[in-house]
Structures are given as structure tokens and as C-alpha cells.
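Because the structure is a prediction, the values reported are computed rather than measured.
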Amino acid sequence: MIVSGTMTTLLINTIYRATEGEGVQLGSPQVFIRFQGCAIGCVNCDSKETWDFDVSKGLELETVLAKVDELANQGRWPLRRVSITGGDPLHPQHVPGLMELMIDLKLKGYWINLEAAGSRIVDDAFKAADFVSFDFKTPSTGVRTSHELLARFITDFGHKGQIKAVIADNADFGAAFEARRQIDEKIGPHPIPWVLTPCYSPGEKMPMKRFQEVTRLNEDWGAPFRVIGQQHKWLYGVDAKNV
């Protein structure tokens, strides 16, 4: 967030209208607000253009809200769902502006999905959101998600969220399974959905064999997960943005 006088400016990569392509909210039309700036560094990230904290991407809060309203009202009936993603909207640099944005969106009557990278819990933001998608970073990402953080998320916010993991191979599946097993032992069984998303390799059009293998592994290991692919990539191709 950049503050100039009393004006709040957010670092925003793009704002667009699309249908959710991942997780248990799959198929839900909404307006996406994609923050610019992320310091997590997943090696298989498909939106590395959002990593830099580029001040040229600054938008005034009122401009962001106006764009959301414009996109939400393009159809015959307005959309009332907003998804906040990134980049990393929960990076400490973003949080003050994120909270102002979420408060104003709620005052306007929007339902808010918040995409969390699994690196931190921001209580006020998670309380303000209607739904939180919390990442579990698998070995192929090169990033580690703390099991303690996962357990805390499930305990405090599991009633309105999901845990989502990108799966590239058997090692990723095994890491997700072991994380769930350890957390089940620590806090007991929990109803929050754990979603596995088969990843795309560079240049790959459709990871059919990987999708089949992840589905088979899930069945063999007692079906602890929901396997949900990335619908937007099937519909528009792996290189399309803002869809």
C-alpha cells in the first residue's frame, strides 16, 4: 500500500471478470482483484509477472472499487462475488490497504473469497472474508507450509475455507497426505475440504496422465482429498490470462 496524504493506493496487477477455475468454488462467476507483489517465490508459479512490488501498478482505492462495480454490473444481473488474489495480497506491505478494500467491499454487499498463499494467517483479513482458500505448498513448489500454521487455520477458520495443493508427482501427493495425517492426529478429523490440483508442466496443454494418476492415488489412499483440475486452462488454454 502507498499512502499519499489521506489517499490510499493499492498495488494492483489487474481487475477482471471471470469464472472461478479452481477449488470447491469452481464455476462461480466473480470479479477478480489481483494484487501486484509477492515474495514467496514458488518455482512453478504461473503468474510470476505479479512478483515485483511495482509502484507503477498503484491504483487509488476508489478507482479499484469503481472498477469492481463496473465489471460486476456488465451483465443482465449484477455479480456479488469478489475474489482477492495475487501476487500475495497478505504480504505485510499490502495488508493495511487490503483491509480498507475488504471493509468497503463488504459495505457494498459483496461476498469475498480471499486467496492465501499458506505463508501466514492475518486474523482480521480472514475474519472479514466469507471464504478463504489456504495453500499447502508441496515439495515441487520449492516452498514449505508449516503444519502448525495449517492446524491453526483449520481450527480458527476451517468453517469457511479450503486447503489447496498443487500436485506434480508422487512426492507432492505423499507430502499432502502426510500433512493431513499429522494434522488429523493433532486436532482430530475435520470437515474442511483439502483440494488437490494436478499441475501443468511448461508447454503442456492438458496433464491428462497426471490427473489420472493423482485421482488413482487419492482412491488408493482412502480418498482424503478432492481432486479438482484447473477449468479455465481447459477452456482457454494454458497461456490465457484473466479468464
Side-chain angles (χ1 to χ4, degrees), residues 1-38 46-47 49-117 122-135 157 159-162 164 230-233 235-236 239-243:
M1 180 182 77
I2 304 169
V3 178
S4 176
T6 59
M7 180 177 64
T8 297
T9 303
L10 310 178
L11 296 185
I12 300 295
N13 176 271
T14 187
I15 305 169
Y16 60 100
R17 177 182 170 121
T19 296
E20 178 61 64
E22 303 180 24
V24 298
Q25 302 295 328
L26 184 76
S28 302
Q30 54 202 299
V31 177
F32 289 78
I33 304 171
R34 185 178 295 280
F35 273 70
Q36 179 72 35
C38 178
D46 62 0
S47 55
E49 71 278 2
T50 68
W51 285 13
D52 291 341
F53 289 82
D54 184 355
V55 296
S56 72
K57 296 288 189 177
L59 289 178
E60 294 180 23
L61 175 58
E62 291 303 317
T63 301
V64 174
L65 293 168
K67 184 63 175 178
V68 170
D69 286 341
E70 175 192 341
L71 292 171
N73 288 283
Q74 282 185 347
R76 292 186 178 184
W77 201 261
L79 299 181
R80 305 312 302 164
R81 301 170 72 94
V82 171
S83 185
I84 300 175
T85 184
D88 177 16
L90 294 169
H91 186 279
Q93 180 173 325
H94 294 318
V95 168
L98 170 69
M99 291 309 307
E100 290 191 45
L101 172 64
M102 293 180 75
I103 289 168
D104 285 347
L105 288 171
K106 294 303 293 182
L107 288 173
K108 287 174 169 285
Y110 287 105
W111 181 98
I112 300 174
N113 168 61
L114 179 62
E115 296 280 343
V122 180
D123 288 272
D124 287 345
F126 284 24
K127 289 174 183 176
D130 295 284
F131 189 83
V132 181
S133 182
F134 197 81
D135 283 358
F157 300 103
H159 61 286
K160 60 174 181 179
Q162 68 179 3
K164 186 172 63 176
Q230 299 179 67
Q231 176 179 271
H232 55 294
K233 293 185 177 181
L235 294 174
Y236 302 104
D239 298 321
K241 297 292 184 181
N242 305 336
V243 294

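Ile33 has its side chain out of reach of Leu10: every pair of non-hydrogen atoms, C-beta onward, lies at least 4.5 Å apart. Looking at Leu114 and Val122, their side chains never come closer than 4.5 Å, going by heavy atoms from C-beta outward.
With sequence neighbours excluded, no residue forms a ring-ring contact (aromatic ring centres under 6.0 Å, His included) with Phe131. Leu26 meets the side chain to side chain contact (heavy atoms under 4.5 Å, CB included) test with Ile228, Gln231; sequence neighbours excluded. Every residue two or more places apart in sequence or in another chain that forms a ring-ring contact (aromatic ring centres under 6.0 Å, His included) with His91 is listed here: Phe53. Asp124 is linked by a side chain to side chain donor-acceptor pair (under 3.5 Å) to nothing, counting only residues two or more places apart in sequence or in another chain. A search for side chain to side chain donor-acceptor pair (under 3.5 Å) contacts involving Asp52 returns nothing, not counting sequence neighbours. For the side chain to side chain donor-acceptor pair (under 3.5 Å) test, residues two or more places apart in sequence or in another chain that qualify with Asp123 are Arg152. With sequence neighbours excluded, the residues forming a side chain to side chain contact (heavy atoms under 4.5 Å, CB included) with Lys160 are Phe157, listed by chain and number. Judged as a side chain to side chain contact (heavy atoms under 4.5 Å, CB included), and not counting sequence neighbours, the contacts of Lys241 are Glu49. Glu60 meets the salt bridge (charged side-chain N to carboxylate O under 4.0 Å, His left out) test with no other residue; sequence neighbours excluded. Applying the side chain to side chain contact (heavy atoms under 4.5 Å, CB included) rule to Ala116 yields the partners Leu90, Phe126, Val132, Phe134; only residues at least two apart in sequence or on another chain are considered.
Of the possible polar contacts, none joining the Gln162 side chain to the Gly23 backbone as a donor-acceptor pair under 3.5 Å is found. Listed for the His94 side chain is no donor-acceptor partner under 3.5 Å among the backbone atoms of Phe35.
Taken to the nearest 0.5 Å, the CD atom of Glu100 stands 11.5 Å off from the CG atom of Leu105.
Counting only residues at least two apart or on different chains, the side-chain hydrogen bond (donor to acceptor under 3.5 Å, both in side chains) pairs with a member in residues 10-25 are Asn13-Gln36, Tyr16-Arg34, Glu22-Lys164, Gln25-Arg81.
When all heavy atoms are compared, the tightest approach of Asn113 to Ser83 is ND2-OG, 2.8 Å. Minimum heavy-atom separation, Pro89 to Leu98: O-CD2, 3.4 Å. Between Ile84 and Met102, the closest heavy-atom pair is CD1-CG, 3.8 Å. Across every non-hydrogen atom of Ser47 and Gly86, the tightest pair is OG-O, 4.0 Å. Listed here is the closest heavy atom pair of Ala18 and Asn242: CB-O, 4.4 Å.
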Working for side chain to side chain contact (heavy atoms under 4.5 Å, CB included), residues Val243 and Leu235: CA-CA 9 Å; Val243 294; Leu235 294 174; over 6 Å; no
Audit row: Asp54, Leu11, side chain to side chain contact (heavy atoms under 4.5 Å, CB included) steps and yes/no: CA-CA 7 Å; Asp54 184 355; Leu11 296 185; over 6 Å; no
Determine all donor-acceptor pairs shorter than 3.5 Å in which one atom belongs to a side chain in residues 63-78; sequence neighbours excluded.
residue: Asp69; atom: OD1; partner: Tyr110; partner atom: OH; Å: 2.6
residue: Asp69; atom: OD2; partner: Lys108; partner atom: NZ; Å: 2.7
residue: Asn73; atom: ND2; partner: Asp69; partner atom: O; Å: 2.7

